Amino acid sequence: MDDMDLPMPDVEVESISPNELKGQIDAGENVTLLDTRMESEYDEWKIEGETVESVNIPYFEFLDSEIDEDVLVRIPDDRELTVLCAKGGSSEYVAATLTERGYDVDHLEDGMNGWARIYERVEVARYDGGGSLYQYQRPSSGCLGYLLVDGSEAAVIDPLGAFTDRYLEDAGELGAELKYAFDTHVHADHISGIRDLAAEGVEGVIPEATVDRGLTYADEMSLAVDGDEFVVGDATVETVSTPGHTSGMTSYLLDDSLLATGDTLFLESVARPDLEGGDEGTGDAARKLYESLQERVLALPDDTLVGGAHFGDSAEPADDGTYTAPIGRLEAEMDGLSMDEDAFVELILSDMPPRPANYEEIIATNLGRQETDDEEAFELELGPNNCAASQDSLAGD
């Protein structure tokens, strides 16, 4: 709807960039948003935060020359307001109509599409392995990735296709060359950047177990099996098989300091087990997940950091701003990690959220069975990740 011609009022409309809005939210400023997308889009995916107040009124409510009073009464008129939509078109129109009526408003440049392009790199301060470790954060979807840099070499874990150039640029900025790109599994919520990086000369590494799912480009990658080690500078990346979320789900232990768990374990939940085998295979996958958590993850020292591939709304960042936590703390806080197998499986199957939007097309693309251009890929992965087993935190209050 953002591309349609709208009768723009003859007033100047202020705008705010996605990064500026993110900065306000991070600083704890009170932010009021008027989201003009359709209610179904808003309910599925919106900008949230402790200091964010959000009102949803679809743009078509503002098309009449006389806006219904029932609409206007829902809009705060005692503070600054940021109007947003999907791409930035209808929000500019709505902001103009409200400016004419005396409201203090601006609009979000490029809308939610612009919000989805925010990608931040934050150093993991508690990492005590070789070199330096950074966490990539995509607030729009909760996707996380990792960049390990030691000396002149670097490796990225779970790269996103939308940010391929960013990894190469960041490694160069840090004085290193990107040597490896690791995928933890066949992702269902975003398009992987591993093939794009391989095309740039980076060695792509995928779990060997993913090949059995029909991966079409395995001969272009290095295949990792449990216990394999990859050297980045003087740091070591060890392969740790952790099936459950998928049959090929693999974690990577970064120099004995942080376990990049992919979708096995998050700060507030564990993986959902239903995206590969569907409903029929969910129970067996949940039992494999239990074994992976108990025998491979929780067997590591308590001070080993966990860094998942996603974070949800209930996840709290650490003091360094990263979504990481020691295994011992997660075990103490998450009841599911201390249950017996039957209770764990019952818990995991009891409250799974809706499956990620477009997940079948995303999986097909990541397997190499479907060609998707950059614009199509970006549209496919908009929205929340929904890769955790529960819609609520499993880590207590």
Side-chain angles (χ1 to χ4, degrees), residues 17-23 25-26 109-125 127 131-185 187 189-206 221 230 232-233 235 237 252 254 258 260 262 307-311 317 320-324 362 365-366 372-385:
S17 72
N19 282 313
E20 288 172 329
L21 178 61
K22 178 69 163 47
I25 296 171
D26 289 347
E109 296 172 3
D110 301 319
M112 292 299 284
N113 280 16
W115 184 255
R117 296 190 186 280
I118 297 176
Y119 200 50
E120 300 176 312
R121 188 187 82 209
V122 184
E123 186 168 5
V124 183
Y127 170 76
S132 299
L133 181 65
Y134 303 86
Q135 184 180 71
Y136 286 108
Q137 302 173 356
R138 191 182 193 184
S140 65
S141 63
C143 285
L144 300 172
Y146 300 86
L147 182 70
L148 174 64
V149 180
D150 193 15
S152 62
E153 295 182 338
V156 63
I157 295 95
D158 284 334
L160 307 184
F163 300 96
T164 301
D165 292 342
R166 174 70 182 275
Y167 307 119
L168 298 167
E169 293 168 1
D170 283 2
E173 177 190 316
L174 295 166
E177 183 176 350
L178 201 57
K179 181 179 181 182
Y180 294 114
F182 296 89
D183 256 350
T184 54
H185 64 295
H187 294 276
D189 66 302
H190 67 261
I191 306 302
S192 170
I194 198 164
R195 282 185 289 169
D196 290 338
L197 288 170
E200 297 293 332
V202 179
E203 184 175 342
V205 181
I206 58 175
M221 301 286 156
F230 301 83
V232 180
V237 178
Y252 295 102
L254 308 183
L258 180 140
H310 300 108
F311 67 95
D320 62 2
T322 65
Y323 292 91
T324 59
I362 292 173
T365 301
N366 285 332
T372 305
D373 63 33
D374 291 345
E375 184 175 347
E376 291 171 334
F378 186 79
E379 292 290 333
L380 280 177
E381 61 189 28
L382 290 175
N385 63 73

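As the structure is a prediction and not an experimental result, all values here were calculated from the model.
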(request) Determine, stepwise, if the pair M112 / L382 fulfils side chain to side chain contact (heavy atoms under 4.5 Å, CB included). (result) CA-CA 9 Å; M112 292 299 284; L382 290 175; over 6 Å; no
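- The shortest side-chain heavy-atom distance between L168 and V202 falls under the 4.5 Å cut-off.
- Between L178 and L147, some side-chain heavy-atom pair lies under the 4.5 Å cut-off.
- Considering only heavy atoms from C-beta on, N113 comes within 4.5 Å of E379 through its side chain.
- Distance OH/Y134 to CG/D170: 9.0 Å, rounded to 0.5 Å.
- You'll find the side chain of V237 reaches within 4.5 Å of the side chain of F182, heavy atoms only.
- With contacts defined as side-chain heavy-atom distances shorter than 4.5 Å, the pair I157/L254 qualifies.
- Here the straight-line distance linking atom CZ of R195 with atom OG1 of T365 works out to 7.5 Å at 0.5 Å rounding.
- The only member of E381, E120, H310 that meets side chain to side chain donor-acceptor pair (under 3.5 Å) when paired with R138 is E381.
- Between I191 and N366 there is a side-chain heavy-atom pair separated by less than 4.5 Å.
- Annotation: side chain of Y180 is not in contact with side chain of L148 (no heavy-atom distance under 4.5 Å).
- With 3.5 Å as the limit, one finds a donor-acceptor pair spanning the side chains of T322 and D320.
- Listed here is the closest heavy atom pair of F311 and P139: CZ-CA, 4.2 Å.
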(message) For L144 and D158: C-alpha separation, side-chain torsions, deciding distance, then whether side chain to side chain contact (heavy atoms under 4.5 Å, CB included) applies.
(response) CA-CA 8 Å; L144 300 172; D158 284 334; over 6 Å; no
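- Salt-bridge formation is detected for the pair E173/R121: a Lys NZ or Arg NE/NH1/NH2 atom is positioned less than 4.0 Å from an Asp or Glu carboxylate oxygen.
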(request) Decide yes or no on side chain to side chain contact (heavy atoms under 4.5 Å, CB included) for V205 and F230, but give the supporting numbers first. (result) CA-CA 10 Å; V205 181; F230 301 83; 3.7 Å; yes
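- Side chains of E20 and K22 form no contact here, defined as non-hydrogen atoms less than 4.5 Å apart.
- Shortest non-hydrogen contact noted between T184 and G262 is OG1-CA, 3.6 Å.
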(message) Could you walk me through whether L160 and Y119 satisfy the side chain to side chain contact (heavy atoms under 4.5 Å, CB included) test, starting with their C-alpha distance in whole Å, then the side-chain angles of each, then the deciding distance to 0.1 Å, before giving a yes or no?
(response) CA-CA 10 Å; L160 307 184; Y119 200 50; 3.8 Å; yes
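- Across all non-hydrogen atoms, the minimal contact from V149 to A176 is CG1-CB, 3.8 Å.
- For the pair D189 and C143, the tightest heavy-atom approach, listed with the atom from each and the gap, is OD2-SG, 3.2 Å.
- A centroid separation of 6.0 Å or more is found between the aromatic rings of Y136 and F163.
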